[in-house]
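Inspection log for the structure reproduced underneath, given as structure tokens.
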There are 2 protein chains.
Amino acid sequence: MSLRHALLALLEAGPMTGYELAKQFDQSADRVWHAPHPQIYTELRKLEGEGLVAADEQPRGTKAVKRAYRLNPDGERELRRWVSELEAPQQVRDAAYLKATYFEYAEPATVRRHFERHRAHHEEQLQRWERHVAQLQARETELLQRRLAHASESDHEAIVAYKVHVYQGMAERARTEIEWAERGLDLVDKLTS
Amino acid sequence: MSLRHALLALLEAGPMTGYELAKQFDQSADRVWHAPHPQIYTELRKLEGEGLVAADEQPRGTKAVKRAYRLNPDGERELRRWVSELEAPQQVRDAAYLKATYFEYAEPATVRRHFERHRAHHEEQLQRWERHVAQLQARETELLQRRLAHASESDHEAIVAYKVHVYQGMAERARTEIEWAERGLDLVDKLTS
DNA sequence: TACTGCATGTAATCGGTTACATGATTGC
DNA sequence: GCAATCATGTAACCGATTACATGCAGTA
């Protein structure tokens with residue numbers, strides 16, 4: 001149940017609407033956690049019901065309303081509690097690796113396509129992560145600037161450093177996957193020769 | 001929806017009961033996919049209803065029955081179809097990395113404990129994967145022997161090679177995580193000095 | 001006799017996905 | 001006027017988790 005904490009963490013930077021939060025999950029590189037918008041809107045309502053966030057309603061046209069959410073003191077406490085709490089290691093559930101375990105059932109050409117797609121996907125991801133790391137280091141991302149603006153100067157280094165560390169980790173992961181796919185392609189060659 | 005395919009793949013080696021299948025998911029290194037036993041039993045019943053597997057019932061004591069499942073021709077076809085089909089890349093959802101993004105909220109000692117636990121977990125995993133790779137290469141695992149026994153001799157090399165490649169990939173992943181945790185520990189030192 | 005491991009389930013709940021629906025605002 | 005994007009939801013469904021329940025078999 002980390003979606004709520006991802007939301008609390010994003011709101012710590014400042015008030016945001018459900019739509020803006022969904023964008024952070026969908027489009028930006030800030031997606032160590034993914035969530036579709038219906039889940040975000042429902043979770044925000046739940047967090048509001050539990051008093052962890054509050055909503056400022058503004059009229060939008062004649063019938064609709066826009067709801068900007070902000071952290072409550074309880075929400076901030078919950079965020080801090082969660083960060084300190086140890087995570088139970090996650091269970092592995094990887095469809096691509098599961099499938100690769102049984103590649104002998106597929107044609108070599110098909111196996112090649114699998115590995116090529118795996119490589120292409122992670123090359124794309126790698127570029128995203130690297131670009132994001134560069135932006136964080138230059139303190140260019142909007143979210144980071146909002147966080148730094150209301151944090152004590154002495155914390156700035158750590159705030160930036162931990163984020164950089166995470167996205168460098170994601171980049172390293174992508175490189176590991178690219179190498180795995182390349183060794184896979186070599187293996188297909190070896191098996192068909 | 002890969003649980004069903006994991007089950008079909010395991011049954012390809014030969015008939016098994018729900019309990020034996022659950023053990024493969026729980027205890028053995030064969031867990032690129034994790035599933036708890038209630039999910040396995042229900043999925044097996046569903047697969048039976050769809051005619052992809054069949055169950056042989058044997059009495060167990062006076063009231064209970066043991067059900068050994070085996071692949072039907074339809075199940076085998078579905079397994080082959082799935083292996084050839086391209087996977088959509090999976091969405092990232094990583095609680096440990098999400099939390100690490102906000103480590104500035106925690107005490108340095110707590111952050112150290114997080115990284116140490118991360119490293120310890122993946123060191124354990126690494127040993128599992130390496131042991132499993134060695135067993136596969138020696139063709140020692142029971143499941144592999146059952147598969148090889150009813151496969152054509154000319155396919156043996158590929159059957160072993162793809163499994164080895166997957167578990168070597170898992171080992172590589174574990175090494176990447178260990179290094180990430182170690183760089184994390186260095187970072188805490190640097191930030192607190 | 002009691003404990004452990006073998007063995008099979010049901011039920012409640014929850015998190016996540018997909019399809020569908022509606023309206024507002026901005027720019028061509 | 002129309003399309004694209006902004007913005008907010010509901011509902012149905014499905015996969016995964018957790019708690020609970022039951023009975024068999026071997027052994028200390």
Side-chain angles (χ1 to χ4, degrees), chain A residues 1-8 10 15-28 31-50 53 55-69 82 87-95 98, chain B residues 1-8 10 15-28 31-50 53 55-69 82 87-95 98:
Chain A
M1 219 216 336
S2 283
L3 170 62
R4 55 171 49 217
H5 299 111
L7 291 170
L8 294 175
L10 288 172
M16 261 187 271
T17 66
Y19 187 81
E20 288 171 302
L21 286 160
K23 261 202 305 188
Q24 293 295 330
F25 281 85
D26 271 8
Q27 295 161 25
S28 93
R31 44 172 190 154
V32 177
W33 200 270
H34 170 264
H37 80 266
Q39 205 190 353
I40 291 166
Y41 284 113
T42 27
E43 190 65 34
L44 284 170
R45 290 285 183 164
K46 254 175 86 182
L47 287 169
E48 193 188 3
E50 295 170 34
V53 303
D56 297 310
E57 293 199 349
Q58 291 156 248
R60 194 169 60 90
T62 48
K63 302 182 192 180
V65 279
K66 170 181 281 205
R67 299 171 61 84
Y69 291 90
W82 168 77
E87 278 301 311
Q90 281 187 117
Q91 303 287 7
V92 185
R93 211 172 269 129
D94 191 297
L98 175 64
Chain B
M1 220 214 338
S2 282
L3 170 62
R4 56 171 47 215
H5 298 112
L7 291 169
L8 294 175
L10 289 171
M16 260 186 273
T17 65
Y19 187 82
E20 289 172 302
L21 287 160
K23 260 202 304 188
Q24 294 295 330
F25 281 85
D26 270 8
Q27 295 162 21
S28 93
R31 43 170 191 159
V32 178
W33 199 271
H34 170 265
H37 80 266
Q39 205 190 355
I40 291 166
Y41 284 112
T42 26
E43 190 64 34
L44 284 169
R45 291 284 183 164
K46 255 176 85 182
L47 287 168
E48 193 187 4
E50 294 170 35
V53 304
D56 296 312
E57 294 197 348
Q58 289 156 249
R60 194 169 61 91
T62 48
K63 302 182 189 178
V65 280
K66 171 181 279 205
R67 299 170 62 82
Y69 291 90
W82 169 76
E87 277 301 313
Q90 283 188 115
Q91 303 287 7
V92 186
R93 212 173 268 129
D94 191 296
L98 174 63

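Only this structure's heavy atoms are used, side chains among them; waters, hydrogens and symmetry mates stay out. Chain naming here is simple, since letters A, B, ... match the order of the sequence lines and numbering starts at 1 in each.
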Can you tell me how far the [atom1] atom of [X] sits from the [atom2] atom of [Y], to the nearest 0.5 Å?
X	Y	atom1	atom2	answer
Leu7(B)	Tyr69(B)	CG	OH	10.0 Å
Lys66(A)	Tyr19(A)	NZ	OH	10.0 Å
Arg93(B)	Ser2(A)	CZ	OG	10.5 Å

Nearest-angstrom distance from the residue atom [atom1] of [X] to [atom2] of [N]:
X	N	atom1	atom2	value
Ile40(A)	dC6(D)	CD1	P	15 Å
Lys66(A)	dT22(C)	NZ	C1'	17 Å
Tyr41(A)	dA11(D)	OH	C1'	17 Å
Leu44(A)	dT8(D)	CG	P	9 Å
Glu48(A)	dT8(D)	CD	P	12 Å
Glu20(B)	dA7(C)	CD	C1'	10 Å
Phe25(A)	dA7(D)	CZ	P	17 Å
Leu7(B)	dA16(D)	CG	P	11 Å

Would you mind listing every side-chain hydrogen bond (donor to acceptor under 3.5 Å, both in side chains) that reaches into residues 36-47 of chain A, with sequence neighbours excluded?
->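 side-chain hydrogen bond (donor to acceptor under 3.5 Å, both in side chains) check on residues 36-47 of chain A returns Arg4(A)-Glu43(A).
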Got a sec, which residues hit side chain to side chain donor-acceptor pair (under 3.5 Å) with Glu20(B), two or more places apart in sequence or on another chain?
->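 So Glu20(B) forms a side chain to side chain donor-acceptor pair (under 3.5 Å) with Thr17(B).
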Side-chain heavy-atom pair [X], [Y] within 4.5 angstrom cut-off:
X	Y	answer
Met16(A)	Leu10(A)	yes
Phe25(B)	Leu3(B)	yes
His34(B)	Val92(A)	no

List, with names and distances, any nitrogen or oxygen atoms from the protein found under 3.5 Å away from nitrogen or oxygen atoms belonging to nucleotides 25-28 of chain C.
residue : atom : partner  : partner atom : Å
dT25(C) : OP1  : Gly61(A) : N            : 3.4

Bend angle of the helix from dT1(C)-dA28(D) to dC28(C)-dG1(D), end axes from five pairs each (to 10°) |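 Computed from the C1' atoms at both ends, the axes differ by 10°.
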List the atom of Ala6(A), the atom of Leu98(B), and the distance in Å for their closest heavy-atom pair.
->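 What the structure gives for the nearest pair is CB-CD2, 3.9 Å.
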Kindly give the heavy-atom pair with the smallest separation between Ala95(A) and Trp82(B), and that separation in Å.
->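 The answer is O-CZ2, 4.5 Å.
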Using only side-chain N and O atoms of Thr17(B), determine if any of them is under 4.0 Å from OP1 or OP2 of dT8(C).
->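 Yes, such a contact exists.
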Side-chain N or O of Tyr19(A) closer than 4.0 Å to phosphate OP1/OP2 of dT8(D) |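 No, no such contact exists.
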Who passes salt bridge (charged side-chain N to carboxylate O under 4.0 Å, His left out) against Arg67(B), sequence neighbours left out?
->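 Per chain and number, Arg67(B) pairs via salt bridge (charged side-chain N to carboxylate O under 4.0 Å, His left out) with Glu48(B), Glu57(B).
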At under 4.0 Å between heavy atoms, which parts of nucleotides 14-21 of chain C does protein reach? Answer with one letter per nucleotide, 5' to 3': B base, S sugar-phosphate only, - none.
-> -SBBBB--
Residue whose closest nucleotide on DNA chain C lies nearer the 5' end, Ala68(B) versus Lys63(A) |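 Final value for this comparison: Ala68(B).
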